[in-house]
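A quick write-up on the structure given underneath.
In listed order, ligands and their atoms are each counted from 1.
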Amino acid sequence: MRIIYVDNAATTQTSKKVIDGMLPYMYEQYGNPSSLHSVGQRAKEVLEEARAKVARCLNANPNEIYFTSGGSESDNQAILSAAEIGLKRGKKHIISTKVEHHAVLHTLNKLKKQGFDIQLLDVDKEGFVTPGQVKDAIRDDTCLVTIMYANNEIGTIMPIKEIGAVCREKGVTFHTDAVQAAGHLKIDVQDQNIDMLSLSAHKFHGPKGVGALYVKKGIFLSNLIEGGAQERNRRAGTENIPGIVGLSIALEDATEHLEENNHKMIILRDKLIEGLSQIEHSALNGPHTNRSANNVNFCFEGIEGESLLLLLDAKGICASSGSACTSGSLDPSHVLLAIGRSHEVAHGSLRLSLSESNTEEEIDYIIEQVEQVVCYLRRMSPVWKELLTGERQFML
Ligand SMILES: *Cc1c(COP(=O)(O)O)cnc(C)c1O
């Protein structure tokens with residue numbers, strides 16, 4: 001059976017170009033950049049070339065880039081660093097949103113238990129926060145604002161530049177989880193007023209287990225991992241040279257083809273949204289404008305997202321019922337709840353996240369199969385029966 005992969009917000013296929021670029025650093029040129037001999041020094045050069053490449057893609061300086069093990073580590077390090085310096089200055093207020101990734105929310109939860117005052121801003125029904133909300137929330141004791149660039153579940157693209165401007169004006173550090181944005185949306189850390197930014201290679205056709213953290217010169221950064229002096233004493237451990245090379249190639253490639261890829265995906269995305277909207281008692285989650293080019297997320301009333309997912313999988317369609325991290329738990333998505341979906345409706349959600357290699361033909365097949373499977377599940381659903389008889393009210 002042919003597999004149609006539409007779960008690119010969970011992870012992407014590592015591109016051939018990236019793999020080819022990585023291979024030499026696992027076999028012929030396997031040196032440790034900390035070694036003083038020629039093989040080690042060559043690895044050191046390669047590491048710094050990769051850092052310069054990543055910096056160029058973000059309009060940053062190479063010494064503002066730190067390599068990590070991925071998006072989660074970058075988020076943890078950025079937030080915990082800001083909290084540490086905040087504590088020293090007697091500032092324990094942190095502003096974020098209700099729709100962040102768990103790498104951010106769980107880190108904030110940990111800080112809350114340590115006595116930090118965590119304020120999670122509400123979002124509107126499309127998932128947006130406004131710069132005005134951030135401005136109103138900032139206090140004298142605010143040490144950090146952390147707000148994601150693009151939402152991994154519903155594709156909302158936040159007004160990052162304007163939020164950054166508000167933070168800058170008030171002198172508060174601004175971190176953004178740009179894991180769904182890097183390689184997909186334009187990033188210019190200077191123009192967009194960003195102090196810290198997280199990204200992860202496997203979300204833009206790079207390898208898994210490698211990410212980066214941009215930290216503006218002058219912003220305090222402490223280390224999560226103690227040990228050697230790698231990454232200018234901020235991230236111990238022998239550098240993942242193949243991974244870092246892969247990340248740099250993937251980011252450069254994605255950045256160069258950004259507009260072309262987005263143009264292609266938007267056509268596919270809108271066709272998919274149009275097609276799925278025809279299913280009765282369904283609703284698009286997330287915005288119509290300022291939406292990630294690859295994101296489609298729907299709720300279908302009267303069914304369970306998990307069953308939908310499994311039946312689609314049996315037809316060769318790999319999708320997600322929300323975020324990959326919440327799949328497997330019974331709690332509905334915190335993002336769908338935050339945009340005002342009820343628990344019941346939120347349970348019937350489906351996320352399809354595209355890549356530029358999906359085709360129109362695949363989109364047609366997905367629409368047809370989702371229609372069939374939703375219909376099939378509704379026929380068996382006691383909730384659907386109650387909706388039809390009026391014992392229960394339709395919400396969509
Ligand atoms: C995937 C993702 C992460 C986590 O990145 P990893 O590299 O898998 O640790 C964090 N934030 C967002 C928005 C993501 O989509």
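In summary, the atoms of ligand 1 found under 4.0 Å from a heavy atom of Ser200, numbered by their order in the structure, are 6 (P), 7 (O). Close approach to Gly70 involves these atoms of ligand 1, each under 4.0 Å from a residue heavy atom: 7 (O). Atom numbering of ligand 1 starts at 1 in the shown order; those under 4.0 Å from a heavy atom of Lys203 are 1 (C), 2 (C), 3 (C), 14 (C), 15 (O).
Contacts between Ser72 and ligand 1, counted as non-hydrogen atom pairs separated by less than 4.0 Å, involve both the backbone and the side chain.
Applying the ring-ring contact (aromatic ring centres under 6.0 Å, His included) test to Phe298 and every residue at least two apart in sequence or in another chain returns Phe300.
To the nearest 0.5 Å, atoms CG (Asn63) and CD (Glu231) are separated by 11.5 Å.
Residue, atom and distance of the protein heavy atom nearest to atom 11 (N) of ligand 1 are Asp177 OD2, 2.7 Å. For atom 6 (P) of ligand 1, the closest non-hydrogen atom on the protein side is Gly71 N, 3.5 Å. The closest protein non-hydrogen atom to atom 12 (C) of ligand 1 is His101 CD2, 3.3 Å.
Of the candidates Gln180, His202, Lys208, it is Gln180 that places a heavy atom closest to atom 15 (O) of ligand 1.
Val134 and Ile79 are members of different hydrophobic clusters when ILVMFWY side chains are connected at heavy-atom separations under 4.5 Å.
Using a 4.5 Å cut-off between side-chain heavy atoms of Ile, Leu, Val, Met, Phe, Trp and Tyr, Leu388 falls into a hydrophobic cluster with Val383, Trp384, Leu387, Phe394.
The number of heavy-atom neighbours closer than 6.0 Å to CD of Gln393, taken from other residues, nucleotides and ligands shown, is 12 or below.
Of the listed residues (Leu221, Asp195, Val189), just one forms a side-chain contact (heavy atoms from CB on, under 4.5 Å) with Val215, and that residue is Leu221.
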